[in-house]
Structure formats: C-alpha cells, structure tokens
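Whatever order the structure lists them in is the order used to number ligands and atoms, beginning at 1. The first residue of the sequence shown is numbered 1, and numbering continues consecutively from there.
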Amino acid sequence: MIGKDTQALLLENQDNFLIPADNVATVMYNHSLDHALLVLSNVGYTKIPVLDKEDHFVGLLGLNDIVRKMVSLTDIDTDNLAGLTVADVMEIGVDYLTDESDLEDILHLLVNNSFLPMINKERIFLGIITRKEILKCTNHLVHDLERRYQLVPKEDKPRDTDKKAGLQVI
Ligand code: AMP
C-alpha cells in the first residue's frame with residue numbers, strides 16, 4: 001500500500017498524470033497500414049493507441065507490428081502493406097487503466113509498459129499516462145522527502161542503504 005503522505009508528495013505538482021486524448025497521437029483501426037506508417041513516422045513515437053470511430057480504445061499499433069509485415073527473408077517492401085489495415089496487425093488485449101485505477105495500479109503496470117491508455121466504463125479513450133510523467137514526480141518525491149519529513153526507522157536495525165554505501169553502523 002502507498003502511504004497517503006508519500007502519495008500526496010508524489011502528486012504535489014499535478015492532480016493527475018493524464019495526457020488528455022486530444023493531445024495524444026492515435027490511429028483508427030480501419031486505416032490502411034501505409035497511412036498508419038506515415039502517421040507513426042510523422043509523430044515520432046514508436047507505439048500509439050488505436051481507436052474506433054466512436055473513440056473507443058481498441059488496441060496499440062507499434063512500428064514493429066508494421067515493419068514485421070514489410071520484411072521478408074530477402075527484402076523490405078512497403079508494397080506488402082497494400083490491402084492491410086491497422087486492425088490486421090495491432091496488439092489487442094494490452095494493459096490499460098480506467099478512470100478508477102489508483103496510483104498502485106498505475107505504478108505496477110508501468111513497470112512493463114512505457115505508457116498506459118486510460119478508458120472510462122464505456123471504453124471511451126481518455127488519454128495516456130506515461131512513465132516519463134511518473135518519473136518526473138518520483139524525482140520530486142525522492143528529492144523532497146527527507147528535506148521536508150523527519151524519517152525515523154521503525155526497527156532498530158541497519159538500513160539497507162547504509163549497508164550498500166559501506167557505512168559503519170554502530
Ligand atoms: P514518454 O514517457 O514521454 O517517452 O512516452 C512513452 C511512450 O508513450 C512513447 O514512446 C509513445 O509510445 C507514447 N506517447 C507519449 N506521448 C504520446 C503522445 N502525445 N501521443 C501518442 N503517444 C504518446
């Protein structure tokens with residue numbers, strides 16, 4: 001469980017970590033793959049969310065997913081993309097957050113994901129939470145924690161950090 005003081009300090013500089021849907025680059029599931037390739041190279045991200053016409057979140061499209069279709073044993077050919085759509089290669093069943101997810105869920109899932117889509121009960125895409133935003137707040141937390149709080153160990157034993165730093169603990 002994340003303590004309330006720790007959470008408050010982590011979140012001190014922002015109410016939430018969400019990059020709202022309007023500021024997120026996305027593709028539609030029925031877009032052609034060559035169009036999606038153009039979108040990905042223009043936005044400069046290697047993976048972006050895929051939506052349907054009603055703004056429901058349906059999956060993620062990564063550059064790798066497209067490149068895999070272009071590459072054969074001897075050649076790289078964009079002609080292989082003709083007739084394919086985003087839906088043919090996108091990742092489905094990926095991790096996501098809901099607007100009810102708590103900080104613990106977010107931190108846990110961000111260990112294995114560089115960003116997480118957030119959806120509401122109707123699966124409408126709300127935006128993404130990125131590892132970078134969380135790391136910025138973590139940076140603030142680790143710098144301010146001992147400056148602003150008196151930390152008293154609960155048990156009378158050497159701290160791991162002291163051992164690692166090779167400190168003599170009396
Ligand atoms: P960052 O932590 O900012 O490096 O972002 C991690 C990943 O989140 C990026 O590699 C993208 O896949 C995705 N991402 C971040 N910002 C955006 C955005 N504005 N639109 C679409 N995808 C994004």
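Of all atoms in ligand 1, numbered sequentially from 1 with element shown, those under 4.0 Å from a heavy atom of Ser114 are 6 (C), 7 (C).
For atom 19 (N) of ligand 1, the nearest non-hydrogen atom of the protein is Asn23 O, 3.0 Å. In terms of protein heavy-atom proximity, atom 23 (C) of ligand 1 is nearest to Ile128 CD1, 3.4 Å. Protein heavy atom closest to atom 5 (O) of ligand 1, with residue, atom name and distance, is Thr130 CG2, 3.8 Å. Distance from atom 18 (C) of ligand 1 to its nearest protein heavy atom, with residue and atom name: Tyr45 CE1, 3.3 Å. Regarding atom 13 (C) of ligand 1, its nearest protein heavy-atom neighbour is Phe115 CD2, 3.5 Å. The shortest contact between atom 2 (O) of ligand 1 and any protein heavy atom is with Lys132 CB, 3.0 Å.
Side-chain contact, His140 with Glu12: a donor N or O sits under 3.5 Å from an acceptor N or O. Counted by atom type alone, Asp99 and Asn120 present zero donor-acceptor pairs between their side chains at under 3.5 Å.
A donor-acceptor contact shorter than 3.5 Å links the side chain of Asp52 to the backbone of Glu54. Distance alone, capped at 3.5 Å, places no donor-acceptor pair between the Asn113 side chain and the Phe115 backbone. Judged purely by atom type and a 3.5 angstrom limit, Asp88 uses its side chain to pair as donor or acceptor with the backbone of Thr85. Side chain of His35 to backbone of His31: no donor-acceptor contact under 3.5 angstrom is found. Between the side chain of Asp65 and the main chain of Gly62, a donor-acceptor pair closer than 3.5 Å is present.
Residue Ala25 places at least one N or O, backbone or side chain, under 3.5 Å from an N or O of ligand 1.
If you look at Val24 next to ligand 1, the close heavy atoms, those under 4.0 Å, come from the backbone and the side chain alike.
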